[in-house]
Amino acid sequence: MQIARTLGAALVGLSVFTMSAPAPEAQSLRVMKGSASRSLSVPMNRAVVVESDVPFAELSIANPAIADISTLSDRTIYVLGKAPGRTSLTLLGPDGRLITNVEVQVAPDIAEFKERLQQILPGERIEVRTANDGIVLSGVVSSTARLDRALDLAQRYAPDRVSNLMSVGGTQQVMLKVRFAEVERSVSKSLSSSLAITGGTDFGIDGETGTWLDGANGIGSPIEVPAGTEGAIALGFTAGSIEFAVLLEALESKGVVRTLAEPNLTALSGQQASFLAGGEYPIPVVDNDGAVTIEYKPFGVELTFTPRVVDKDVINLQLNAAVSGLDSTVTFEQGGIAVNAFRRRETQTTVEMRDGESFAIAGLLEDDFQDLAGQVPWLGDIPVLGSLFRSASYERSQSELVIIITPHLVTPTRGEALALPTDRIKPPTEADLFLFGKTADGERRPRNGSAAEVAKQDFTGSYGYVMD
């Protein structure tokens, strides 16, 4: 009785397992004139059931390492894919004659990969195929970021066996606009006085404070102010053989410097582009043998950047921008050769933004202050008269710098739609130049298209500007 119960329970469990387990895929194989109508595709590590219209007595597989077979009946074959590759399945009839040779192709199972690809990247037109033991991806994706995600997912199913034939659609060219804006302000004030006494027949007095006396000033000579002195008032009088001289120097200076550079450069996504508007400065270099060679250092407006269109209108920028120029205030001289120093404002960074957005990638606010007071000991401390023995100077400089970048996704256009700066200026005729003094001929400017719009911007009117 116990054995009957155990056997019944086993049969029930087997029937439940059979109903819950996925049934192998069934394919119908038609035999026409001794050949199969099509090849048999079997996913790796999965099985298919092949049904033949003709009963067979024997069957064999050429390479059991690629596929394994077993018979379920005289018309049904169970084929299991084991390794990627191709082999032949031979069917023989009861009389020993050949029925057909079926080409069995075993490929990696990509059904799950296709499902995951549609879940992770919906809407992307990606085609998935198998090649030997690898996966081939083709089609057009919307961005490089989605392309990288598809490749990363494929590597999970076929490590180091993924072929990428995909291309990125949409606009993949980026124009970068960089704006350097710098304003420098400087103020300096100085107040100093000098006192000189010379002469005296009995004692021989000759002395000064400050910067008064030079070789031209002496007893009986006219009072002369040293060359290069600005904002100076000189007073002098004599008492007998003694000559007194007083020099008062008061100077105030203000200066403003405005620097603006706007380089634009276009490059393909993932490719580096560089731009230089300026020149190269020769710098002499002495080697170990004493020979002098010349090296050139570039200066001006420099821009190097690498754009990457990440996702639709999201742009990743890796850039290096600089503005440099010669600084005549600092000079190095050796061996009769003088070399100027350079002033350089440079930034190197990586940012990410959308098409048309702007980013201030760098900024500088610099404020320098310096004052100096000098006096003759004890004499400079005398009230009122002490100012004749004292000098003071005050200097302050401020600098503000900001660098702003703006990327744009761009596409080529027809050449007729592009305007050039030279479209605004046409050479004058001889009559216009010599008779009327015209330096440009406005009658021959373009009248149609975008070049005509640019040509409307002429240079008539006042030049320059006034800063209060």
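Residue numbers run from 1 in the order of the sequence given.
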Novice: Just so I know, are the side chains of I66 and V104 near enough to count as touching, which here means a heavy-atom distance under 4.5 Å?
Specialist: no
Novice: With a sphere of 6.0 Å drawn around CZ of R125, does it hold more than 12 non-hydrogen atoms of other residues, nucleotides or ligands?
Specialist: no
Novice: Is there a side-chain contact between I361 and L319, using heavy atoms and a 4.5 Å cut-off?
Specialist: yes
Novice: When you measure from the side chain of Y281 to the backbone of N340, do you find a donor-acceptor pair of N or O atoms at a distance under 3.5 Å?
Specialist: yes
Novice: Within the distance-only criterion (no hydrogens, no angle test), does the side chain of E252 pair as donor or acceptor with the backbone N or O of S188 below 3.5 angstrom?
Specialist: no
Novice: Less than 4.5 Å apart, side chain to side chain, heavy atoms only: is that true for R185 and E400?
Specialist: yes
Novice: Could you tell me whether the side chain of L317 reaches within less than 4.5 Å of the side chain of P407, counting heavy atoms only?
Specialist: yes
Novice: Using side-chain heavy atoms (C-beta onward) and a distance below 4.5 Å, is L137 in contact with L165?
Specialist: no
Novice: Salt-bridged, R149 to E124, with N to O below 4.0 Å?
Specialist: no
Novice: Would the number of heavy atoms belonging to other residues, nucleotides or ligands and lying under 6.0 Å from CZ of F359 be above 12?
Specialist: no
Novice: Are the side chain of D313 and the backbone N or O of D355 linked by a donor-acceptor pair below 3.5 Å?
Specialist: no
Novice: Is it true that R396 and D371 have a side-chain N and a carboxylate O under 4.0 angstrom from each other?
Specialist: no
Novice: Taking the side chain from S269 and the backbone from Q173, do they hold a donor-acceptor pair closer than 3.5 Å?
Specialist: no
Novice: Closest approach of M166 and I126, non-hydrogen atoms and distance?
Specialist: SD-CG2, 4.0 Å
Novice: Any side-chain heavy atom of S399 sitting closer than 4.5 Å to one from E182?
Specialist: yes
Novice: Under the salt bridge (charged side-chain N to carboxylate O under 4.0 Å, His left out) test, which residues partner R179, sequence neighbours left out?
Specialist: none
Novice: Nearest heavy-atom pair of V106 and P43: which atoms, and what distance?
Specialist: CG1-C, 4.5 Å
Novice: Between E302 and R344, is the salt bridge (charged side-chain N to carboxylate O under 4.0 Å, His left out) condition met? List the steps.
Specialist: CA-CA 11 Å; E302 303 175 60; R344 185 177 180 88; 3.0 Å; yes
Novice: Is there a side-chain contact between T259 and L401 in this structure, where contact means two heavy atoms from C-beta onward sitting under 4.5 Å apart?
Specialist: no
